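Position 1 is the first residue of the sequence; numbering continues from there. Given the structure is predicted, the values throughout are model-derived calculations rather than measurements.
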Amino acid sequence: MAAGTAETPPPRLSELLESGWQLLDEVEASTEPSSGAPALQDKVRRGLDLLQRAARGVAQLDLFSQNEDLEEIASADLKYLLLPALLGALTMKQVNLSKRLEHVQSARAHFMDFLKLCKNYQIGKFHLPPTPESPNENESTESTSGAGPAARQASLVAMASSRQAKIERYKQKKEVENRLASMKAFVESGQAEEEQIREFYLLQIQKWITTSLDEIESIDQEMVILRGRNALKQASAPPQTSQHPRTAMKPFILTRDAMQAKVLGAGYPSLATMTVNDWYEQRCKQGIMPDKGKPQTTADLAEEELQEEQQEKKVEEDDEETLRKARDWEDWKDTHPRGYGNRKNMG
């Protein structure tokens, strides 16, 4: 190590606990509209890290043992009994829907560790919550509960007793919180005696016993909902099938065999090889269809003039009857221009 530099000492165990506890209080007292606010989630992460480091330190020091009584624990060490409950409370503050089931299960384990520790030291009078049932066990319990009136009556009695126990816990929690509020400033000032410090942390433990029991009850209900939602998602998800490349389909014919198809065709109408206009032009060139829409060419005009000259020559050579007919025809053409009377075919 270079001269003139000093290594920063690691934080003491009490500093880790108090800092993590303080962050939990700040998160619970926050006025943020959403618990998922980045600032709050940052405090949750930092608080969890501090409390986990403190829990590892307590485990390394072996502060608590199943073979000792509550009176054997030093008053200054009682606060470390709260570590599992504080970890459970901060774990519940995490906001991540994809990991919500994992978070509530972890929080429940922390609360149960705290309650078992308190039960071991005979702190408070309470019953440990039962192990949460699996979905199959829950379904079987529900099916048997509706078997008869005796089972339904037992269920109603259990619900009533649970409600009464919750009311009693709420009253005890309010009483404990009032006593803690009156002692907190005095203890934190450093002027409290050892007996007062011991009473203060025992009251904190009593408060968190009530909180842990309520939280576990809520967690068990939420776990049922989360597991049902996950099961619904899995049921509604489309089955995963192996993706195989599609092979190209061979063309098929409706005839009995390929030889018959070559002779008689494919057995269904073939595609058109020309448009209607192409077909019409082809028929006109062959002289089969009249070409009404085609304008007269020079050859057509010359042919008409030749016919008129031949008619005039015939008129000069023929008799008066022929002349009379020719003149009448000329007069009719003068009064009836070409195209007169054509009202349907406008060509």
Participant: Hey, is the main chain of Ser65 close enough, under 3.5 Å, to the side chain of Glu68 for a donor-acceptor pair?
Facilitator: yes
Participant: Could you tell me whether a side-chain N or O of Ser106 sits under 3.5 Å from a main-chain N or O of Glu102, the two making a donor and an acceptor?
Facilitator: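 Pair absent, no side-chain N/O of Ser106 close to backbone of Glu102.
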Participant: Between Arg324 and Asp328, does the salt bridge (Lys or Arg N to Asp or Glu O under 4.0 Å) criterion hold? Intermediate values first, please.
Facilitator: CA-CA 6 Å; Arg324 186 181 61 78; Asp328 292 340; 3.3 Å; yes
Participant: Write down the atom of Leu24, the atom of Ala89, and the distance for their closest heavy-atom approach.
Facilitator: CD2-CB, 4.0 Å
Participant: Go through Lys173 and Asp214 one step at a time and tell me if the salt bridge (Lys or Arg N to Asp or Glu O under 4.0 Å) criterion holds.
Facilitator: CA-CA 11 Å; Lys173 184 178 180 181; Asp214 291 340; 5.1 Å; no
Participant: As an exercise, state the distance from CD1 of Ile205 to CD1 of Ile123, rounded to the nearest 0.5 Å.
Facilitator: 4.5 Å
Participant: Can you confirm whether more than 12 heavy atoms, excluding those of Gln122, are under 6.0 Å from its CD atom?
Facilitator: no
Participant: Roughly how far, to the nearest 0.5 Å, is the NZ atom of Lys79 from the CD1 atom of Ile197?
Facilitator: 8.5 Å
Participant: Working to the nearest 0.5 angstrom, can you tell me the gap between Gln105 CD and Glu222 CD?
Facilitator: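 It is 10.5 Å, given to the nearest 0.5 Å.
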Participant: Do Glu26 and Gln22 pass the side chain to side chain contact (heavy atoms under 4.5 Å, CB included) test, and can you show the C-alpha distance, the side-chain angles, and the key distance before you say yes or no?
Facilitator: CA-CA 6 Å; Glu26 292 177 4; Gln22 178 64 30; 3.4 Å; yes
Participant: Could you walk me through whether Arg12 and Glu15 satisfy the salt bridge (Lys or Arg N to Asp or Glu O under 4.0 Å) test, starting with their C-alpha distance in whole Å, then the side-chain angles of each, then the deciding distance to 0.1 Å, before giving a yes or no?
Facilitator: CA-CA 5 Å; Arg12 295 183 301 173; Glu15 293 176 354; 3.6 Å; yes
Participant: Would you name the heavy atoms of Ala85 and Phe111 that are closest together and state the gap between them?
Facilitator: O-CE2, 3.5 Å
Participant: Looking only at heavy atoms, what is the nearest atom pair of Gln41 and Ser35, with distance?
Facilitator: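 Shortest heavy-atom contact: NE2-O, 2.8 Å.
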Participant: Could you work out, with salt bridge (charged side-chain N to carboxylate O under 4.0 Å, His left out) as the rule, every residue matching Arg179, not counting sequence neighbours?
Facilitator: Glu199
Participant: Quick one: side-chain contact (heavy atoms from CB on, under 4.5 Å) partners of Gln52, sequence neighbours excluded?
Facilitator: Leu48, Arg56, Leu87
Participant: Would Lys184 pass as a cation-pi partner of Phe200, given that its NZ or CZ must be under 6.0 Å from the six-membered ring centre and within 45 degrees of the axis?
Facilitator: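 No - Lys184 does not lie over the ring of Phe200 by the 6.0 Å and 45° rule.
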Participant: How would you list, by chain and number, every residue that makes a side-chain hydrogen bond (donor to acceptor under 3.5 Å, both in side chains) with Asp42, sequence neighbours excluded?
Facilitator: Arg46
Participant: Just to verify, what does Leu63 make a side-chain contact (heavy atoms from CB on, under 4.5 Å) with, not counting sequence neighbours?
Facilitator: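 Residues passing side-chain contact (heavy atoms from CB on, under 4.5 Å) with Leu63: Leu13, Val58, Leu61, Asp77, Tyr80.
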Participant: Taking side-chain contact (heavy atoms from CB on, under 4.5 Å) as the definition, give me every residue that meets it alongside Asp278, ordered by chain and number, with sequence neighbours left out.
Facilitator: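 Asp278 satisfies side-chain contact (heavy atoms from CB on, under 4.5 Å) with Met274, Thr275 only.
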Participant: So, the side chain of Gln196 versus the backbone of Glu193: is there a donor-acceptor pair under 3.5 Å, distance only?
Facilitator: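 Yes; judged by distance alone, with no hydrogens or angles, the pair exists.
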Participant: Can you name the residues that form a side-chain contact (heavy atoms from CB on, under 4.5 Å) with Asp69, not counting sequence neighbours?
Facilitator: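 Scan of Asp69 (side-chain contact (heavy atoms from CB on, under 4.5 Å), adjacent residues dropped) gives Glu71, Glu72.
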Participant: Please answer: with hydrophobic residues joined when any side-chain heavy atoms are less than 4.5 Å apart, are Trp208 and Leu115 in the same cluster?
Facilitator: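 Shared cluster, yes.
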Participant: Rounded to the nearest 0.5 Å, what separates atom CD1 in Ile209 from atom CD in Gln204?
Facilitator: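 These two atoms lie 12.0 Å from each other.
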Participant: Is it the case that over 12 heavy atoms from other parts of the model lie below 6.0 angstrom from the OH atom of Tyr170?
Facilitator: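 Check fails, neighbour count at 12 or below.
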Participant: So does Glu195 have more than 12 non-hydrogen atoms from other groups sitting under 6.0 Å from CD?
Facilitator: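 Incorrect, the count does not exceed 12.
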Participant: Would you say that more than 12 heavy atoms from the other residues, nucleotides or ligands in this model lie under 6.0 Å from the CD1 of Ile167, or not?
Facilitator: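 Enclosed.
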Participant: Taking Lys333 first and then Glu330, would you say they form a salt bridge - that is, a charged N and a carboxylate O separated by under 4.0 Å?
Facilitator: yes
Participant: Looking at CD of Glu217 and OG of Ser212, how far apart are the two atoms once the value is rounded to the nearest 0.5 Å?
Facilitator: 13.0 Å
Participant: Between Tyr201 and Trp21, what is the ring plane arrangement, given parallel below 30°, perpendicular above 60°, and tilted in between?
Facilitator: tilted
Participant: Within this structure, what is the CG-CG distance for the pair Asp25 and Leu86, rounded to the nearest 0.5 Å?
Facilitator: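 That separation rounds to 8.5 Å.
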